[in-house]
Structure formats: C-alpha cells, structure tokens
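The next block holds one structure in the form of structure tokens; read it before the comments.
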2 protein chains.
Amino acid sequence: MESDTKAPERLIASDRVEGTAVYNKEDERLGSIERFMVDKASGQVEYAVMGFGGLFGLATRHYPLPWNALTYDTNRGGYIVNLSRDQLAEAPSYDPEAETPTYDRSYGERIYGYYGFTYL
Amino acid sequence: MESDTKAPERLIASDRVEGTAVYNKEDERLGSIERFMVDKASGQVEYAVMGFGGLFGLATRHYPLPWNALTYDTNRGGYIVNLSRDQLAEAPSYDPEAETPTYDRSYGERIYGYYGFTYL
C-alpha cells in the first residue's frame, strides 16, 4: 500500500464537502459548509457556501464566502474566516428556500469585495 | 435580478458534480463523473473520478482522471478526455467496492503520468 506521512487527507471528495466546520479568528464556530461552487473549466473553487442558523426557530441562511477568504486549519479540520459573529448579521446571505444566487460577475464583485478581495 | 449573458452556468455546485458526462475525442460517451477530489487548502480540483460499467453484469470501475486531462465542452455539457474505449481497459482504475485510493504523491505521479501530465 502507498503511504504519505506528509498529507494523508490533503484532498476532500466533492460529496464529502457538506458539513465541514467554519470558525472565525476568535475560535467561534460560525456554521458549516453546504457546498463548494466550482469553476467547471478551471476546476478552481470560487465560493464556499456556509450555512448558519436553523436552531430554535431561526431560519437557516446561506453565506457565500470567497474561496480566498478561507484558510484551512488542519488541526481543527475546518476553515477559518475573518468574520465576527456580529459581522455575520450584516454579511451577504440568502434564504436557500426562497432564492438561488446568480453567480455572475456583479455578484462576485459584491461578495469578494465585502470580504476585501478582488474578484478576478 | 442579475444576469450575465457570457457565463450563466460557469460554476457547478459540489453536490451536483455527480453524473456529469465524460466523452472521448471520438465523441463516444465513456462514463460519468462520480466526484471531484479537491485540494482542501488551494481549492483546486486535482482529480475527477469517472465511473464506468455497471451494466449487464459488468462491475463498475472508477477511473481517477487528472484535472488537466479534462476539457469542459459547454455544448455537450460534459467533459472531454483523450482516451479511446480500447485504452479504457488499460487505464488506471479501481473497484470502488473493494478499495479506496490513497491520493498521495506516488499515486498522483502514476495517474498524471499515465495521461501524459506532470504531477506538481
């Protein structure tokens, strides 16, 4: 059998993406990944969509996060994003029961811009 | 509503990857995508795993394809890979019921090398 002590689980299967935890820099769990949005041609993930809410009558909201805004933390087994819990209320999000974003350029500029990144 | 005539469905959701068709350059359908294998840190798809078989008593085999070996064809709504049906019998594959590949460097070099690409 092959082995690689350096990076045994460097890759994640697309059907295992859902549920990966997302934390902020204060080590608070913000939510979990619902899905990645992948460029069909380049194979690059452009957004990770984070789900938050759904408890105690709160509606679940989905937060598209620019891939560049995420850092994978191998110790936690989850992603870190620079977003306080207070900021979460203001961050771009949508109700997945009611709408589906159109992932075009203007949306990309809005989402990437909100997190301080340039949408290329 | 936002619109973008250039690229209305440029992105694919990770939970919709399964079932995307894979054709060869002779326009023969080889199989369909089972999953993408995504680098957790970079967000780059490294492999697309194609499923083939499962009909008439044939066992289903999974073929890890280097991302670089795939070209997305917007007209067909599927991927093109340079692989004849005869070559399929010789291409690296595994029985998903019996084994799971370890996606390490030596595996990457083997798979990428088979299709004429350098594994970086």
Side-chain angles (χ1 to χ4, degrees), chain A residues 1-20 33-49 51 62 64-74 76-80 94 96 99-111, chain B residues 1-20 33-49 51 62 64-74 76-80 94 96 99-111:
Chain A
M1 295 297 290
E2 294 169 322
S3 68
D4 186 345
T5 52
K6 199 180 67 179
E9 295 184 33
R10 196 175 44 82
L11 303 181
I12 187 168
S14 52
D15 49 349
R16 294 286 192 87
V17 160
E18 190 179 342
T20 305
I33 300 295
E34 298 284 337
R35 64 180 60 85
F36 289 165
M37 298 301 301
V38 186
D39 187 303
K40 288 177 190 174
S42 72
Q44 176 63 42
V45 177
E46 197 162 288
Y47 302 91
V49 180
H62 282 187
L65 304 174
W67 181 261
N68 297 352
L70 299 169
T71 306
Y72 190 72
D73 184 321
T74 51
R76 285 199 194 80
Y79 290 98
I80 315 293
Y94 63 93
E99 47 184 324
T100 305
T102 301
Y103 287 102
D104 58 8
R105 169 153 294 278
S106 65
Y107 191 78
E109 288 171 353
R110 184 180 147 220
I111 303 298
Chain B
M1 295 294 291
E2 295 169 322
S3 67
D4 187 343
T5 53
K6 200 181 66 181
E9 294 184 34
R10 197 174 44 82
L11 303 182
I12 188 168
S14 52
D15 49 349
R16 294 286 192 88
V17 161
E18 190 179 344
T20 305
I33 300 294
E34 298 284 335
R35 63 181 59 85
F36 289 165
M37 298 302 299
V38 186
D39 187 302
K40 288 177 191 173
S42 72
Q44 177 64 44
V45 178
E46 198 162 288
Y47 301 90
V49 180
H62 282 188
L65 304 174
W67 181 261
N68 298 352
L70 298 169
T71 306
Y72 189 72
D73 184 322
T74 51
R76 285 199 192 80
Y79 290 97
I80 315 293
Y94 63 94
E99 48 183 325
T100 305
T102 300
Y103 288 101
D104 58 8
R105 169 153 293 278
S106 66
Y107 192 77
E109 287 171 352
R110 183 180 147 219
I111 302 297

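A donor-acceptor pair under 3.5 Å is formed between the side chain of B/Tyr79 and the backbone N or O of A/Lys40. A distance-only check finds no donor-acceptor pair linking the side chain of A/Tyr103 to the backbone of B/Ile12 [under 3.5 Å].
You'll find the side chain of B/Asp15 stays beyond 4.5 Å of the side chain of A/Asp15, heavy atoms only.
Between chain A and the options B/Ala41, B/Ala13, B/Ala48, the largest number of non-hydrogen pairs under 4.5 Å is found for B/Ala13.
Between B/Glu9 atom CD and A/Asp104 atom CG the span is 12.5 Å, to the nearest 0.5 Å.
With a threshold of 4.5 angstrom between heavy atoms, A/Val38 approaches chain B through its backbone and through its side chain. For chain B, the nearby part of A/Glu46 is the side chain; its heavy atoms alone come within less than 4.5 Å. Interface remark: B/Ser42 contributes backbone atoms only to the contact with chain A (heavy atom separation under 4.5 Å).
Heavy atoms only, all atoms of each residue included: B/Asp39 and A/Trp67 are closest at O-CZ2, 4.4 Å.
The side-chain hydrogen bond (donor to acceptor under 3.5 Å, both in side chains) search around B/Glu18 returns none, not counting sequence neighbours. Looking at residues two or more places apart in sequence or on another chain, you find no side-chain hydrogen bond (donor to acceptor under 3.5 Å, both in side chains) involving A/Arg16.
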